[in-house]
2 protein chains.
Amino acid sequence: MQKIPHSTVQRLVLCYSLAQKALTRGDMYLRSQDIAALLQVDETQIRKDMAIVGIGGVQKRGYPVHRVVQRLEELFAVRMEKLAALIGVGNLGRALLNYPGFAKYGVRIVCAFDRDPEKVGREVNRVFVYPIEALGEVIPRFGVQMAILAIPPHSAQEVADALVALGVRGIWNFSSALLRVPREVAVRNECLESGLLLLLHKMWGENHVSFPKE
Amino acid sequence: MQKIPHSTVQRLVLCYSLAQKALTRGDMYLRSQDIAALLQVDETQIRKDMAIVGIGGVQKRGYPVHRVVQRLEELFAVRMEKLAALIGVGNLGRALLNYPGFAKYGVRIVCAFDRDPEKVGREVNRVFVYPIEALGEVIPRFGVQMAILAIPPHSAQEVADALVALGVRGIWNFSSALLRVPREVAVRNECLESGLLLLLHKMWGENHVSFPKE
DNA sequence: TAGATTGTTAATCGATTAACAATC
DNA sequence: TAGATTGTTAATCGATTAACAATC
C-alpha cells in the first residue's frame with residue numbers, strides 16, 4: 001500500500017473518535033459531509049482520506065460506521081496489546097498513569113522509573129517504580145515495546161538512547177527535548193510548552209503590541 | 001505584516017527554545033544550519049522563517065541570539081501577564097497546576113473549577129477551587145483571559161460556550177471534544193488520545209498485520 | 001426518475017527545496 | 001581574497017479544493 005500522508009492520518013484519528021461515538025449512538029453510517037463539518041475541512045478531503053485507507057462508502061448513505069471503526073483500529077493497532085514503561089513519576093507522570101485512555105487503546109503500563117529515591121520502591125496505581133539505573137534489567141524482563149517520557153529535558157536524550165538500545169520501538173515524549181533516534185524508532189513529541197506557545201500566538205501573535213510586565 | 005504560515009510558527013516555537021538554551025550557554029549567534037539540523041528541516045526553511053518575522057542575520061555568523069529571543073517573545077506574547085482559569089481539577093488538571101512552564105511564559109492560573117463537591121472549596125497549589133456553577137461570577141471578577149480545559153469530553157462544549165460568553169479569548173483544550181467557537185476565539189487542541197494514536201500509527205500503522213488480543 | 005451521495009481526475013494553492021546572488 | 005554564511009527568486013513537490021462523473 002502507498003504511504004499514507006501525515007495530514008490524512010491526523011484527520012483519521014479524529015474520524016476514529018467520531019466513528020466510535022456514532023457506534024455507541026447506534027448510527028449505521030457517517031457521511032463525509034458531516035465529518036467534514038466537524039473537522040472543519042472540505043468534504044472531498046474526507047472522501048479522499050477514506051479512499052486512501054481503503055474504506056469504501058455507500059451512495060446515498062455514507063460510510064458504514066462499523067467498517068470505519070474496524071479499519072481504523074487496524075491502522076492504529078489498538079486491538080494489539082502494547083507493553084509500556086513510564087519514565088518519570090512526577091506530577092505529569094502520575095496523571096498519565098491514571099489516564100483511562102491507555103487501556104482503551106491497548107496500551108498497558110507495566111513498569112515505571114524515577115531518579116528520586118523517595119519514589120523508587122513504591123507502587124503508583126499498581127505499577128511498581130524502579131530506579132532509573134534498573135532500566136537495562138527491567139525493560140527486557142517485561143518485554144516493553146514503548147516508553148512514555150515524562151522527565152525534564154536535560155536527561156531526556158540520555159534516557160532515550162538507553163531505551164532505544166534496549167529495543168524500544170516508540171517514544172511518547174512529553175519533555176521539551178528534541179530527541180535524536182534511529183529512523184526505525186517512532187517518536188511523538190507532546191511538549192506542552194510548545195502547545196502553550198502556539199495558543200499564545202493565536203491569541204496575541206501577529207500584529208499586536210506586547211506590553212512588558214514592568 | 002503578512003500572515004505567518006502555521007508551519008512557520010511551529011518551527012519558531014522550537015527556535016525559541018533553542019535560542020533560550022543558546023542564551024544561557026552564552027552563545028552570541030545561532031546558524032540556520034545548526035537550527036535546521038536539530039529541527040530536521042532544510043536550512044533554507046529556517047532562513048525563510050526568520051525573514052518572515054523580520055529577524056535579520058549576520059553573514060558569516062548567523063542570527064543574533066538576543067534578537068531571536070526578543071522577537072519571538074514578542075510573537076508569543078510571553079512577557080505579557082495572562083490570567084488563566086483551570087477547568088477540571090482531576091489528575092491532569094492538578095499536574096498542570098503544578099506545571100512550571102506556565103509562569104515561565106507569563107501565564108498565571110488564578111482560579112480553578114470543578115464539579116466534584118469533594119474538590120470544591122479547597123486550595124490546590126495555592127489556587128482556590130470553585131464550583132463550576134460559579135464560572136459566571138468568578139471569571140469576570142478575576143479578569144481571566146484564557147482557560148485550560150481538563151475535563152471529560154461530554155461537557156466540554158457546554159463549558160466552552162460559557163467561557164466564550166464570559167469573554168475568554170483562548171482555550172487550551174485537553175479534552176477530546178472538537179470545540180466549536182467563534183472565529184475570534186483561539187483554541188489549541190492538546191488531546192492526548194490523538195497523540196497516542198499518532199504514535200501507535202507510526203509504530204505499527206501501514207502495512208502490518210494486527211493481532212487481536214484474544 | 002430525481003436527488004443525494006461517493007469516487008476520481010484536474011486545477012489550484014501553499015509549503016518545501018534548489019539554485020544562486022549578495023556580502024561580511 | 002576565499003569561504004562561509006544570509007537572503008531571495010525559481011522550481012518542485014504535496015496537499016487541498018473544484019469540477020464532475022458514477023451510482024444507488
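Among the heavy atoms of the strands, none lies under 4.0 Å from B/V41. If you check every strand for non-hydrogen atoms under 4.0 Å, B/S7 touches sugar and phosphate atoms only. At the heavy-atom level, A/T8 lies nowhere under 4.0 Å from the strands shown.
Side-chain atoms of A/K48 come within donor-acceptor range of the base of D/dT17, with a qualifying N/O pair under 3.5 Å.
Between A/F102 and A/W172, the angle of the ring planes goes over 60°, which puts this pair in the perpendicular group of the 30/60° scheme.
If you measure from atom CZ of B/R61 to atom P of C/dT23, you get 17 Å, rounded to the nearest angstrom.
Just one residue in the list B/I151, B/I87, B/V181, B/L179 forms a side chain to side chain contact (heavy atoms under 4.5 Å, CB included) with B/N173, and that residue is B/L179.
Across D/dC24, C/dA18, D/dA19, the shortest atom-to-atom separation from the side chain of A/Q59 is found for D/dC24. Nearest nucleotide to the B/R11 side chain, out of D/dT8, C/dT16, D/dA4: C/dT16. Closest to the side chain of B/Y63, out of C/dA4, C/dT16, D/dT6, is D/dT6. Side-chain proximity of B/K60 to the nucleotides D/dC24, C/dT17, C/dC24 is greatest for C/dC24. Ranking C/dA18, D/dT6, D/dT17 by closeness to the B/D42 side chain, first place goes to C/dA18. Residue B/P5 places its side chain closer to C/dA15 than to any other of C/dA15, C/dA10, D/dT23. Nearest nucleotide to the side chain of A/S32, out of D/dT17, C/dT6, C/dA22: C/dT6.
If you check C/dT6 for Watson-Crick or wobble pairing at under 3.5 angstrom, you find it paired to D/dA21. Pairing partner, D/dC13: C/dG14, with both Watson-Crick or wobble hydrogen-bond distances short of 3.5 Å.
The closest donor-acceptor contact from the side chain of B/Q145 to the backbone of B/L83 lies under 3.5 Å.
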